[in-house]
Amino acid sequence: MIKVKVEQLKKSFGSLEVLKGIDLEVKEGEVVCLIGPSGSGKSTFLRCLNRLEETTAGTVIVDDNDITDPKCNINKVRENIGMVFQQFNLFPHLNVLENIMLAPVDRKKMSKEEAKQTAERLLATVGLAEKAAEYPANLSGGQQQRVAIARALAMKPDIMLFDEPTSALDPEMVGEVLEVMKQLARDGMTMIVVTHEMGFAREVADRVIFMDGGYIVEQGTPAEVFGNPQNKRTQDFLNKVL
Amino acid sequence: MSSFFEYVGQCMPQLLTGLGLTLQMTILSLILAVVIGLVACLFSISKVKPLNWISGIYLSLIRGTPLMVQAFFIYFGITGAMNIRITSFTASIIVLCLNAGAYLSEIFRSGIAAVNKGQMEAARSLGLPYGVAMRKIILPQAIRIVIPSVLNQFIITLKDTSILSVIGCAELMRQGQQIVARNFRSFETYAIIAIMYYIVVVFLTKVFQIIERRLANK
């Protein structure tokens with residue numbers, strides 16, 4: 001089943017065209033990693049998938065909803081798309097449990113008790129059960145990011161978007177976050193991950209997509225893209241980062 | 001010196017009546033001003049252009065004219081032209097809340113702008129509508145940021161009430177003027193009034209410090 005279908009997606013900021021026509025289909029349970037140099041449009045593309053960026057042209061269909069249609073109830077669609085940000089973006093005035101419970105209680109009309117149980121269970125799966133009452137400021141970057149993942153999962157999304165989830169972390173904390181993401185992938189979550197972690201992409205991705213200059217330049221299995229890149233730009237990029 | 005304290009005792013009943021009215025004016029107009037300020041602020045950050053214009057015009061009119069002119073204009077000008085009568089108290093409240101509302105809207109706007117953009121994005125990505133995200137995520141954080149500036153505005157408004165003595169509002173300053181008109185003891189009288197304002201401002205500052213500390217501890 002197709003979860004995400006993007007056709008001829010274009011996005012401009014003023015006169016600067018960042019995405020120049022992207023086509024992509026993502027199947028249920030697929031893990032797709034987007035790699036490429038900075039400024040290549042990876043993050044912008046990801047943000048178009050839940051309309052944090054308004055698209056300039058083309059269509060984005062998520063779970064059979066055309067989110068580029070102005071009539072689309074984007075809030076409803078977003079409940080099904082979890083997003084994890086580079087800067088975590090936890091709500092600093094709420095404690096960890098409240099961060100996770102907020103959206104399910106407000107949107108899914110879940111009872112506080114039920115939301116609390118869900119939140120505690122999710123915290124346990126990301127290994128932070130004992131941090132429920134802490135405020136984000138008292139957590140390390142890696143812990144904050146794991147809470148952010150739990151917060152997104154609390155809405156029971158069937159797609160997860162990751163926007164460079166480990167780029168703002170100290171090196172020793174990258175592993176703990178990647179581990180949570182790997183578990184998520186093993187559990188069958190549909191994931192689209194913008195990342196600079198080539199090791200993660202190689203190990204976990206079903207498909208690796210190399211973007212450059214607003215286009216998808218090359219895509220394939222990790223073995224194909226990393227082992228035998230066809231395009232010159234992919235080769236240059238991989239030579240620099242590997 | 002003993003005669004000074006005697007004098008204080010003599011004028012205190014009248015001055016306290018004035019102070020009571022001053023506090024009433026301050027509290028009432030600030031409650032309204034917070035509401036007006038919040039609405040004007042939301043107008044100014046709205047994506048709907050006409051709302052931006054409304055808040056922009058409001059702000060520039062208030063900023064561009066002196067409080068005393070506004071008071072005379074509303075109390076004498078508008079009421080005269082429209083042939084209606086309002087009390088000087090009502091006129092004072094209108095002037096004060098419009099004034100403080102304009103400045104508070106700018107304070108609120110800067111507070112909202114100071115909240116990291118990622119907060120709104122994270123809230124919206126969870127499916128929260130704009131209004132809910134504003135209410136539950138952005139505003140609670142913005143409030144903490146703006147508390148010192150809001151306190152400043154509250155103090156300014158408290159002190160601005162004294163200007164409304166010019167349209168005959170019987171607040172603290174006006175009461176003092178009446179006393180001086182009777183006995184010509186301007187030095188003592190205005191000193192007492194200054195001290196009374198000062199005490200209220202210091203008290204208000206303390207209250208805000210407590211609120212600020214409470215919020216910071218969370």
Side-chain angles (χ1 to χ4, degrees), chain A residues 43 46-47 49-54 67 73-95 98-109 133-138 144-145 147-157 159-163 168, chain B residues 34 37-38 41-42 45-52 104 107-151 208-218:
Chain A
S43 287
L46 196 73
R47 291 160 58 84
L49 298 181
N50 65 352
R51 220 166 88 183
L52 280 186
E53 300 290 355
E54 298 281 345
I67 66 169
N73 181 354
I74 189 65
N75 293 327
K76 202 74 205 151
V77 181
R78 279 174 179 158
E79 290 181 12
N80 258 334
I81 316 173
M83 186 162 199
V84 176
F85 300 85
Q86 181 175 357
Q87 299 295 342
F88 330 132
N89 294 343
L90 292 182
F91 307 132
H93 60 302
L94 302 177
N95 71 23
E98 291 164 341
N99 259 278
I100 303 174
M101 289 165 57
L102 180 91
V105 171
D106 191 88
R107 289 292 95 195
K108 303 221 155 172
K109 304 301 168 206
E134 291 285 353
Y135 281 85
N138 300 329
Q144 287 191 51
Q145 193 61 300
V147 172
I149 294 172
R151 178 177 70 180
L153 291 174
M155 289 299 279
K156 304 198 171 68
I159 303 166
M160 284 285 284
L161 308 177
F162 292 86
D163 189 5
Chain B
V34 168
L38 201 53
C41 160
L42 293 175
I45 60 175
S46 162
K47 283 192 181 134
V48 185
K49 281 275 170 261
L51 296 183
N52 299 163
L104 282 175
I107 293 172
F108 292 154
R109 197 179 57 81
S110 69
I112 289 171
V115 175
N116 190 315
K117 210 165 115 284
Q119 292 290 310
M120 181 55 101
E121 292 183 348
R124 298 304 306 275
S125 79
L126 289 165
L128 300 179
Y130 178 82
V132 177
M134 220 25 167
R135 210 172 64 239
K136 297 199 165 173
I137 306 300
I138 307 300
L139 290 181
Q141 295 182 58
I143 285 170
R144 277 166 216 223
I145 298 170
V146 301
I147 277 185
S149 319
V150 169
L151 167 66
F208 264 72
Q209 278 171 351
I210 293 168
I211 296 174
E212 211 177 344
R213 223 171 297 139
R214 284 262 172 88
L215 288 175
N217 283 342
K218 273 191 97 176

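In what follows, every chain begins at residue 1, and chains take the letters A, B, ... in the order their sequences are listed.
A distance of 5.5 Å separates CZ of Phe91(A) from CG of Leu126(B), quoted to the nearest 0.5 Å. Within the model, atoms NZ of Lys117(B) and CG of Asn89(A) stand 9.5 Å from one another, a figure rounded to the nearest 0.5 Å. Going from atom CG of Asp106(A) over to atom CZ of Arg135(B) covers 7.0 Å, rounded to the nearest 0.5 Å. If you take CG on Asn50(A) and CD on Glu121(B), they are separated by 9.0 Å, rounding to the nearest 0.5 Å.
Heavy-atom distances place the side chain of Leu52(A), and not its backbone, under 4.5 Å from chain B. Neither the backbone nor the side chain of Arg51(A) comes within contact range of chain B; no heavy atoms are under 4.5 Å apart.
Ranking Glu79(A), Met155(A), Arg107(A) against chain B, the residue ahead of the rest is Arg107(A), based on heavy-atom pairs under 4.5 Å.
Residues Arg124(B) and Arg78(A) approach most closely at O-CD, 3.0 Å, considering heavy atoms. Phe85(A) and Ala122(B) get closest at one heavy-atom pair: CE1-CA, 3.6 Å. For the residue pair Leu102(A) and Lys136(B), the shortest heavy atom distance occurs at CD1-CD, 3.8 Å.
No more than 12 heavy atoms of other residues, nucleotides or ligands shown are found within 6.0 angstrom of NZ on Lys49(B).
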